Amino acid sequence: MATLVGGVTTSHVPAIGRAIAQGLQAEPYWKPFFDGYAPVRRWLEAEARPDVVVVIYNAHGLNFFLDKMPTFAVGAAAGYRNADEGWGIPQLPPFVGEQDLSWHLIEALVGEDFDLTTCQEMVVDHAFTLPMALLWPDAGPAVPGAGHWPVRVVPVCINTVQFPLPSARRCFALGEAIGRAVRAWPSDQRVLVLGSGGLSHQLDGRRAGFINRDFDLRFMESLLHDPRWATQFSNHQLVEQAGTQGIELLMWLAARAALGDQVQGVHQHYHVPISNTAAGLMAMAARG
Ligand code: DHB
Ligand code: FE
């Protein structure tokens, strides 16, 4: 059976793509942010060594627009192209899909009564591409024939863009089911779960720029020692605490739930702000 090696949870901000494209990683504004990723990259390379990444993220109106908004969607394509809507990385190699795991996940999740949208064609935005570029910065440019990702991917999309959104409780249950399905995948592959979103931020309205460090740090701590902590809150309570876009922390919760009861913290980093966002990062090893 496949091995679930662990999880990485990280914030995403389109401006990161521009910073990478312009080589600004060592600039004073960016350095404290980019430096956070080096220990996670070392862990991935030396210990976790994933072959496949299940990327749990929220699409921002690119692949799904407001007229059709699935609550949960799983990609089952042979490949996924970056079509970021904003300050995206100008060029990125296409992502190669792990279709066998996609269909295995879809079967397992529908079998556990999750009503999914399955996507045999899908483009991905900054929430998907930037965490990948931060974890595998050497994947290289999409010059024909050059550059490739060292891992295959399965995208899992959670709607945090258009209300009503799935509850923290439901996202946790989805993550648990993803974890069970990955561990039951008949394969010798090593699988990492990546959760992309948050932490606290609000991009519009009267509270634009809102950041809640105390809440973020409490949430990060809970993932290590009390992973169901955030499931006590309604989405309105989470928005109150983390901001309208801070609700993207649901991706962290689903990714954490996939890892099972016990995890070992590998690394964590918190830097405020990057653009309008409190940028958090955690790596956790799964324990059996
Ligand atoms: C920002 C953060 C996001 O999560 C996002 O999707 C777009 C922009 C920001 O802080 O700029
Ligand atoms: Fe976002």
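Start at 1 and go down the list; that is how both ligands and their atoms are numbered. Because the structure is predicted, anything quoted here is derived from the model rather than measured.
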Mark yes when over 12 heavy atoms from residues, nucleotides or ligands other than [X] sit less than 6.0 Å from its [atom1]; otherwise mark no.
| X | atom1 | answer |
| --- | --- | --- |
| E107 | CD | no |
| Q237 | CD | yes |
| R81 | CZ | no |
| E45 | CD | no |

List ligand 1 atoms under 4.0 Å from [X], heavy atoms only on the residue side.
| X | value |
| --- | --- |
| E248 | 4 (O), 6 (O) |
| H201 | 2 (C), 3 (C), 4 (O) |
| S275 | 9 (C), 10 (O), 11 (O) |
| L203 | 1 (C), 7 (C), 8 (C), 9 (C), 10 (O) |
| T277 | 1 (C), 2 (C), 9 (C), 10 (O) |
| P14 | 1 (C), 5 (C), 7 (C), 8 (C) |

Measuring from atom [atom1] of [X] to atom [atom2] of [Y], what distance do you get when rounded to the nearest 0.5 angstrom?
| X | Y | atom1 | atom2 | value |
| --- | --- | --- | --- | --- |
| R183 | L259 | CZ | CG | 7.0 Å |
| M220 | L223 | CE | CG | 8.0 Å |
| L130 | S11 | CG | OG | 11.5 Å |

Any heavy-atom pair between the side chains of Y80 and V123 that's under 4.5 Å?
no
Does A15 reach ligand 1, in the sense of a heavy atom lying below 4.0 Å from it?
no
Going by heavy atoms, is H60 under 4.0 Å from ligand 1?
yes
Taking the six-membered ring of W136, is NZ or CZ of R41 closer than 6.0 Å to its centre and within 45° of its axis?
no
Is the contact between H12 and ligand 1 made by the side chain, the backbone, both, or neither, using heavy atoms and a 4.0 Å cut-off?
both
Side-chain heavy atoms nearer than 4.5 Å, only ILVMFWY residues, links allowed to pass through others: does that put L203 and L238 together?
no
Listing by chain and number, what protein N/O/S atoms are under 2.8 Å from the Fe ion (ligand 2)?
H12 NE2, H60 NE2, E248 OE2
